[in-house]
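Reviewing the structure listed below.
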Protein chains: 2
Amino acid sequence: MAENNSNFMSGVPELLVLRLVREKEMYGYELVQAIRERSNDAIALGEGVIYPVLHALERDGALSSNRKTVNGRSRVYYSLTATGVRRLDDLAGNWSRLTEAIQSVLGGPAIGGVSHA
Amino acid sequence: MAENNSNFMSGVPELLVLRLVREKEMYGYELVQAIRERSNDAIALGEGVIYPVLHALERDGALSSNRKTVNGRSRVYYSLTATGVRRLDDLAGNWSRLTEAIQSVLGGPAIGGVSHA
DNA sequence: CATCATACCTTGCCGTGAAAGGTATGGCAA
DNA sequence: TTGCCATACCTTTCACGGCAAGGTATGATG
């Protein structure tokens with residue numbers, strides 16, 4: 001085990017961004033609102049979270065950007081690269097395993113639990 | 001800023017500790033291992049995480065401690081107070097809502113999705 | 001013309017988790 | 001005996017991620 005899963009709770013904003021962009025190319029401001037709406041206001045990530053994530057993701061080659069002007073408004077659209085797809089699968093897998101693990105703790109004595117009479 | 005809703009991802013170590021202690025009183029070292037075992041090694045929180053959590057929880061009146069000596073070994077057992085039960089329910093609810101929200105983003109277009117016909 | 005909504009971005013703070021180190025004792029093996 | 005590992009407690013230190021807040025610019029609206 002070369003690398004322990006340190007920071008086990010992080011990367012959720014990244015995960016959400018990647019997942020949304022997978023459906024169609026989107027721009028930052030749009031993502032902020034999409035996350036709010038799709039989560040029924042349960043998750044409200046500000047622009048101060050989204051933009052840095054977007055830039056980091058692009059730097060890593062997980063996203064590619066192209067600038068468009070719509071109605072005189074300049075937008076930076078991001079779309080998923082092949083690297084981004086892998087990154088998404090990776091993060092989604094981690095998240096899934098994490099929540100299952102937590103669930104198995106919350107869910108009481110081990111499923112195949114040893115009942116020491 | 002005690003009950004701040006920000007930092008939406010935090011409090012999981014706390015949640016796990018409270019949940020485990022609910023079943024029976026436990027001591028720090030034991031909790032570290034219990035979390036590892038119950039999560040099938042998916043979550044490995046060190047003592048540097050657990051002890052501070054324990055102390056904070058006791059300070060807040062969510063846990064009560066009593067020292068025992070077993071086999072010449074001194075252990076500090078923690079058990080859940082009424083306040084702790086409430087805290088647990090609270091955290092568990094938050095966690096549940098959070099994971100559902102994330103799931104509803106990951107799961108694609110809204111469940112009760114508006115099909116703009 | 002002023003104000004709001006859109007759209008982008010950065011700086012700086014702070015909480016949290018994690019590593020690492022420190023103390024002490026009991027058990028076991030060399 | 002000595003030394004080392006496991007048990008058991010605890011603290012200090014650090015890094016990083018999320019977030020508020022602030023800053024720029026432009027189009028629409030009244």
Side-chain angles (χ1 to χ4, degrees), chain A residues 1 3-17 25-37 39 42-60 63 65-78 91 94-95 98 101-102, chain B residues 1-17 25-37 39 42-60 63 65-78 91 94-95 98 102:
Chain A
M1 43 185 85
E3 198 168 321
N4 203 3
N5 60 331
S6 57
N7 234 4
F8 72 110
M9 291 290 299
S10 62
V12 167
E14 215 176 292
L15 171 59
L16 298 180
V17 164
E25 61 173 14
M26 295 177 82
Y27 55 98
Y29 195 84
E30 187 185 12
L31 281 161
V32 169
Q33 298 171 141
I35 290 172
R36 262 180 55 102
E37 288 168 19
S39 72
I43 304 174
L45 300 176
E47 304 173 27
V49 174
I50 296 302
Y51 287 116
V53 164
L54 250 13
H55 299 154
L57 247 18
E58 184 176 24
R59 199 184 314 122
D60 291 354
L63 292 180
S65 68
N66 67 315
R67 190 162 219 115
K68 290 182 186 175
T69 297
V70 180
N71 294 337
R73 288 232 136 78
S74 180
R75 296 173 178 169
V76 182
Y77 281 88
Y78 292 89
L91 286 177
N94 282 345
W95 176 251
L98 174 67
I102 291 176
Chain B
M1 45 194 95
E3 41 250 304
N4 192 352
N5 203 3
S6 59
N7 228 5
F8 73 110
M9 291 291 298
S10 61
V12 167
E14 215 175 291
L15 171 60
L16 298 180
V17 164
E25 61 173 15
M26 295 176 82
Y27 55 98
Y29 195 83
E30 188 184 12
L31 281 162
V32 169
Q33 296 171 141
I35 290 172
R36 260 179 56 101
E37 289 168 18
S39 73
I43 305 174
L45 299 177
E47 303 174 28
V49 173
I50 295 303
Y51 287 117
V53 164
L54 250 14
H55 300 154
L57 248 16
E58 184 177 22
R59 199 184 313 122
D60 292 353
L63 293 179
S65 67
N66 68 315
R67 189 163 221 116
K68 290 181 185 174
T69 298
V70 181
N71 295 336
R73 290 230 133 77
S74 181
R75 296 173 179 169
V76 183
Y77 281 88
Y78 291 89
L91 286 176
N94 280 346
W95 176 250
L98 174 67
I102 291 176

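Remember, predicted model here, so these are calculated numbers, not experimental data. By convention in this document, chain letters (A, B, ...) are assigned in the order of the sequence lines, proteins followed by strands, and residues within each chain are numbered from 1. Only this structure's heavy atoms are used, side chains among them; waters, hydrogens and symmetry mates stay out.
Between Y27(B) and dA8(D) there is a side-chain polar atom (N or O) within less than 4.0 angstrom of OP1 or OP2. Phosphate contact (OP1/OP2 of dT6(C), side-chain N/O of Y29(A), threshold under 4.0 Å): present.
Atom-to-atom, CD of E30(A) to C1' of dC8(C) comes out at 14 Å; the value is rounded to the nearest Å. One interatomic measurement links the two molecules: CG of L16(B) to P of dG17(C), which rounds to 10 Å at whole-angstrom precision. The NZ-C1' distance, from K68(B) to dC9(D), rounds to 17 Å in whole Å. For the pair L91(A) CG and dG17(D) P, the interatomic distance rounds to 12 Å; values are reported in whole Å. What separates CD1 of I43(B) from P of dT16(C) is a distance of 18 Å, to the nearest Å. Between the C1' atom of dC9(C) and the CZ atom of R59(A) lies a distance of 14 Å, rounded to the nearest Å. The OH-P distance, from Y77(A) to dT6(C), rounds to 14 Å in whole Å. Nucleotide dA19(C) holds its C1' atom 13 Å from the CG atom of L45(B), rounded to whole Å.
Within residues 46-56 of chain B, the residues approaching DNA chain C are G48(B), V49(B), by heavy-atom distance under 4.0 Å.
Here the shortest heavy-atom pairing between V76(B) and Y27(B) reads O-CB, 3.1 Å. What you find for L45(A) and V32(A) is that their closest heavy atoms are O-CG1, 3.4 Å. Looking at every heavy atom in both residues, V49(B) comes nearest to P13(B) through CG1-CB, 4.0 Å. The two residues K68(B) and E25(B) come nearest to each other via the heavy atoms NZ-OE2, 2.5 Å. Between S65(A) and E58(A), the closest heavy-atom pair is OG-OE2, 2.6 Å. Here the shortest heavy-atom pairing between R67(B) and S74(B) reads NE-OG, 2.8 Å.
Heavy-atom contacts from other residues, nucleotides or ligands closer than 6.0 Å to CG of N71(B) number 12 or fewer.
Of the residues near DNA chain C, V70(A) and E14(B), the one whose nearest nucleotide (by heavy atom distance) lies more toward the 5' end is V70(A).
For the pair I50(A)/I35(A), a side-chain contact is recorded, criterion being any heavy-atom separation below 4.5 Å from C-beta on. For the pair L54(B)/L31(B), a side-chain contact is recorded, criterion being any heavy-atom separation below 4.5 Å from C-beta on.
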Please tabulate the protein-to-nucleotide N/O contacts below 3.5 Å involving nucleotides 24-28 of chain C, giving atom names and distances.
residue: dT25(C); atom: O2; partner: R73(B); partner atom: NH2; Å: 2.7
residue: dG26(C); atom: O4'; partner: R73(B); partner atom: NH2; Å: 3.4

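Listed nucleotides: dG17(C), dC8(C), dC9(D). Nearest to the side chain of R75(A): dC8(C).
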